[in-house]
Peer 1: 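Sharing a structure with you now.
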2 protein chains.
Amino acid sequence: MSKSTITINDIARELNVAPSTVSRALNNSPRISEATKERIREKAMEIGYDLNMVASSLSRQRTNIIGVIIPFINNHFFSLVVSGIEDLAVKSGFRIIIAQTYDSVVKEEEALKMFSSARVDGIIACLSVETRDISHFKRIKKVGIPIVLFDRVSFDIDCPKVLVDNYDGAFQAVSHLIKGGCERIAYLGGPSNCRIFDERAKGYKDAVKKNGLQLLPGYSFSTDLSERDVHEAMKLWLGKYKAPDAIFTSTGNQGLMVTKLAIDAGFKIPDDLSIISFGDSPSHEYIVPSLSAIEMPGYDIGRSSMEFIENEIDGKKGDSRTIIKPILLVIRSSSFR
Amino acid sequence: MSKSTITINDIARELNVAPSTVSRALNNSPRISEATKERIREKAMEIGYDLNMVASSLSRQRTNIIGVIIPFINNHFFSLVVSGIEDLAVKSGFRIIIAQTYDSVVKEEEALKMFSSARVDGIIACLSVETRDISHFKRIKKVGIPIVLFDRVSFDIDCPKVLVDNYDGAFQAVSHLIKGGCERIAYLGGPSNCRIFDERAKGYKDAVKKNGLQLLPGYSFSTDLSERDVHEAMKLWLGKYKAPDAIFTSTGNQGLMVTKLAIDAGFKIPDDLSIISFGDSPSHEYIVPSLSAIEMPGYDIGRSSMEFIENEIDGKKGDSRTIIKPILLVIRSSSFR
DNA sequence: TTAATTTGAGCAAGCGTTTGCACAATATTT
DNA sequence: AAATATTGTGCAAACGCTTGCTCAAATTAA
């Protein structure tokens, strides 16, 4: 309670040395002899000294904090990314502070403001699905805070980017369906302002065409990722005279929803309808039938993002400033035959 | 890049006032006239001033940061708690910084050290499942950082606690099974050093007895929450001459695992075997049959924890320092008849 | 032995805000 | 009109740590 916090000055006084010496000793400066270093370390231990990071940050002009911006914390993929970032961060003596945007640009801007005020050393972010204009990021960059974007990135800003091969993932998913005999493949997409969904759509289209099939009218449906839109698409498709024999969804959640709806509508999966989603989750294993998916290497993306940001902070701009991670096709029962 | 960061001194110089006046104006002190406040605010806006929180924190001896410790970020319940904390936190001008323990005491201690160094104003924590001794928390408390514990709490420390009614939840779950006609109910528990599991076990036992049934030998199984232990319990139970006709699991994950295993073993759910778990998750809705559960009010727990910590920080020790949240019985197909 | 280095430590000025106290300039009271 | 209270600002000292310089002592070189 009354333990008026202990500072390096207390150590200095007790040992009859200067505070600067204490500071240097504790920071293991080569300019202090091993002997006094030891004395100082001991005394620090003894009286329970604890470095005040706030003061240190102010003095050093460096907080050793990385700000992380993600849409949702409660999301399989994003929490993997966070783990990847965190693991590397602690190794390098960084702390991370997370902000959720709930996919809202406003929250995204607030997060950025907060990070800037907090003087984080760098920011790792996945754009909200709403985000079109990214001038708020440019502003941050201009004041000197390095930025790394992952997954939902923008090419309108010069910074390292870590992304997955959306095109290839979609291509593989659809090719897999076609190999299984599907011919009428529908695509449930996302908002078109978001690049990753464009790429997934392109992969879908190319896969259909390159495999000698037709792109059917009305079989590609853009959504805002809401449940409502998924319902609408499904009503449209399942009510058709000739319903699709496969659906490829642009997110893992959509895959789960679609599966539920199809089953409720009396479809047998995968016999009547095959399903595969871009993005995996634990629920994919529990749903019956288990749901095939394109798995994204979240942990790995987190690590690479952290590596990038560290280099940016150190001023070592590496050569390849955007890295594309391979995806993994996970075949489960929903697309098996 | 070269934008040498803008300070209140810059504003002061340009406006020919003292830095202290600028500070007061920006903090809306009543001691500054509306006129000069306005001039200062305008100039601040104009030259893009951004309060340096680090300096402010050092001066004020207050960071306005709350440290949050949870076992896993990627967990339905915990992320709800975090959302609850965060929503209230931003409203009160607090930032939160999250640390995952991955259910390891060592990580828990590290997190505490980091928070202490960062001079967080308060800590909200859910103990790791490994944690027995909590002297690391006591140490933190002694240096003056208030603590609030939730869910997995210890009564060996004097601080506000937010928990769910584990006893009642277990009691309700088991009573529900019995009402449905189950007579041989097994309980899959957790580590016994963890109070919440004891309470759940107690609720289970009392429900069985108060409903006129017998506690069957070998029907209560303690685990360390590992997959291995779940397998072992299931092998034991399902191999019995008379297998249980219902299983109540102490965590949501166990419920999911148990369901999978039972189905794989050829059991019809809920006809041969009813299942209900303490703890809900999205997968509970997707698994077939959908899984009944005791739902814990995570968001609400987060809010209450944040309220508590704010009061602690303000030095207003409220009266009721531990609050028990009611649970909700969610009946789905796995226990329906 | 003297001069040139090296080594170890201290001084003091920051880092950007906040805040108790002092103090003019007004406004209010006798 | 003089005395008192009020208002609006400024001064300067923190907050706790870091770091460029300076400098004495110890070491080495000449």
Side-chain angles (χ1 to χ4, degrees), chain A residues 3-41 43-44 47-65 93 116-121 143-145, chain B residues 3-41 43-44 47-65 93 116-121 143-145:
Chain A
K3 264 270 176 284
S4 54
T5 158
I6 299 162
T7 75
I8 51 171
N9 301 296
D10 299 324
I11 302 182
R13 195 179 334 104
E14 295 213 23
L15 254 35
N16 252 310
V17 296
S20 52
T21 303
V22 177
S23 173
R24 289 203 174 91
L26 261 17
N27 285 303
N28 200 26
S29 154
R31 298 182 39 187
I32 304 292
S33 72
E34 222 16 84
T36 64
K37 269 186 197 171
E38 204 37 61
R39 279 203 312 148
I40 290 176
R41 286 202 201 100
K43 180 57 82 178
I47 64 178
Y49 171 75
D50 181 28
L51 171 66
N52 185 331
M53 269 308 204
V54 181
S56 178
S57 294
L58 179 60
S59 181
R60 290 194 136 112
Q61 296 287 79
R62 215 221 213 232
T63 54
N64 270 47
I65 298 179
S116 141
S117 238
R119 298 295 194 265
V120 298
D121 292 340
V143 308
I145 303 179
Chain B
K3 264 270 175 286
S4 53
T5 159
I6 298 162
T7 75
I8 51 173
N9 302 295
D10 299 324
I11 302 182
R13 195 179 335 104
E14 294 213 25
L15 254 35
N16 252 309
V17 297
S20 51
T21 304
V22 176
S23 173
R24 289 203 175 89
L26 261 18
N27 285 303
N28 200 26
S29 153
R31 300 184 36 189
I32 303 292
S33 72
E34 222 15 85
T36 63
K37 270 187 196 170
E38 203 37 61
R39 280 201 312 147
I40 290 177
R41 287 201 200 101
K43 180 57 84 178
I47 64 177
Y49 170 74
D50 181 27
L51 172 66
N52 184 330
M53 270 308 203
V54 181
S56 178
S57 295
L58 179 60
S59 182
R60 292 193 136 113
Q61 296 287 80
R62 210 212 215 238
T63 53
N64 269 51
I65 298 179
S116 141
S117 239
R119 298 297 193 262
V120 298
D121 291 340
V143 308
I145 304 179

Peer 1: Under 4.0 Å between any heavy atoms, over every strand shown, what does A:Ser57 touch: base, sugar-phosphate, or nothing? Just pick one.
Peer 2: nothing

Peer 1: Roughly, in whole Å, what's the span from CD1 in A:Ile6 to C1' in D:dC17?
Peer 2: 16 Å

Peer 1: Between B:Pro30 and A:Ser59, which has a closest nucleotide on DNA chain D that is more 5'?
Peer 2: B:Pro30

Peer 1: Can a donor-acceptor pair under 3.5 Å be found between the side-chain atoms of A:Ser23 and the base atoms of D:dC17?
Peer 2: no

Peer 1: Just to be sure I understand the rule, does B:Asp10 reach a base, reach only the sugar-phosphate, or reach nothing, if contact means heavy atoms closer than 4.0 Å?
Peer 2: nothing

Peer 1: Looking at every strand, decide which applies to B:Val17 at a 4.0 Å heavy-atom threshold: base, sugar-phosphate, or nothing.
Peer 2: sugar-phosphate

Peer 1: Do the side-chain N or O atoms of A:Gln61 get closer than 4.0 angstrom to the phosphate oxygens (OP1, OP2) of C:dG16?
Peer 2: yes

Peer 1: Using only heavy-atom distances, decide whether a donor-acceptor pair under 3.5 angstrom links the side-chain of B:Arg24 to the base of C:dG20.
Peer 2: yes

Peer 1: When we call it a touch if two heavy atoms are under 4.0 Å apart, what does B:Val54 touch: a base, just sugar-phosphate, or nothing?
Peer 2: nothing

Peer 1: Is a donor-acceptor contact shorter than 3.5 angstrom present between the side chain of B:Thr21 and the base of D:dT9?
Peer 2: no

Peer 1: Which atoms form the tightest heavy-atom contact between B:Asn64 and B:Asp121, and what is the distance?
Peer 2: N-OD2, 2.5 Å

Peer 1: At their closest point, which heavy atom of A:Pro19 faces which heavy atom of A:Ile8, and how far apart are they?
Peer 2: O-CD1, 3.8 Å

Peer 1: State whether a side-chain donor-acceptor pair under 3.5 Å links B:Thr7 with B:Asn9.
Peer 2: yes

Peer 1: Ignoring hydrogens and angles, are the base of D:dG16 and the side chain of A:Thr5 linked by a donor-acceptor pair under 3.5 Å?
Peer 2: no

Peer 1: Closest to the A:Leu51 side chain: D:dT9, C:dG10, D:dC17?
Peer 2: D:dC17

Peer 1: Given atom CG of B:Leu15 and atom P of D:dG8, what is their separation to the nearest angstrom?
Peer 2: 17 Å

Peer 1: Could you please name the option among C:dG16, D:dT18, D:dC11 that lies closest to any side-chain atom of A:Asn27?
Peer 2: D:dT18

Peer 1: Any base atoms under 4.0 Å from A:Ile32, or only sugar-phosphate, or nothing? Heavy atoms, all strands.
Peer 2: sugar-phosphate

Peer 1: Rounded to whole Å, how long is the line connecting atom CG of A:Asn28 with atom C1' of D:dT19?
Peer 2: 16 Å

Peer 1: State whether B:Thr36 places a side-chain N or O below 4.0 Å from either non-bridging phosphate oxygen (OP1 or OP2) of D:dT9.
Peer 2: yes

Peer 1: Look at all strands and tell whether A:Ser56 reaches a base, only sugar-phosphate, or nothing, counting heavy atoms closer than 4.0 Å.
Peer 2: sugar-phosphate

Peer 1: Can you tell me which nucleotide in C:dT17, C:dC21, D:dC17 comes closest to the side chain of B:Arg31?
Peer 2: C:dC21

Peer 1: Please report, rounded to the nearest Å, how far the C1' atom of C:dA9 is from the CG atom of A:Leu26.
Peer 2: 15 Å

Peer 1: Using whole Å, what does the distance between atom P of nucleotide D:dG8 and atom CD of B:Glu34 come to?
Peer 2: 10 Å

Peer 1: Could you tell me whether A:Arg39 and A:Glu14 make a salt bridge, using a distance below 4.0 angstrom between a side-chain N and a carboxylate O?
Peer 2: no

Peer 1: Roughly how many Å is it from CG in B:Leu58 to C1' in C:dG16, rounded to a whole number?
Peer 2: 9 Å

Peer 1: When the distance from CD of A:Glu38 to C1' of C:dA9 is rounded to whole Å, what number comes out?
Peer 2: 18 Å

Peer 1: Determine the minimum heavy-atom distance between B:Val54 and A:Leu58, stating which atoms define it.
Peer 2: CG1-N, 3.6 Å

Peer 1: Which atom names give the shortest non-hydrogen contact between B:Ala12 and B:Ala18, and what distance separates them?
Peer 2: CB-C, 3.9 Å

Peer 1: Check whether any side-chain nitrogen or oxygen of A:Ser20 sits under 4.0 Å from OP1 or OP2 of C:dA12, and answer yes or no.
Peer 2: no

Peer 1: Report the nucleotide, chosen from C:dT17, D:dC17, C:dC11, that has the shortest atom-to-atom distance to any side-chain atom of A:Ala18.
Peer 2: C:dC11

Peer 1: For A:Arg60 and C:dA13, give me the distance from atom CZ to atom P, rounded to whole Å.
Peer 2: 22 Å

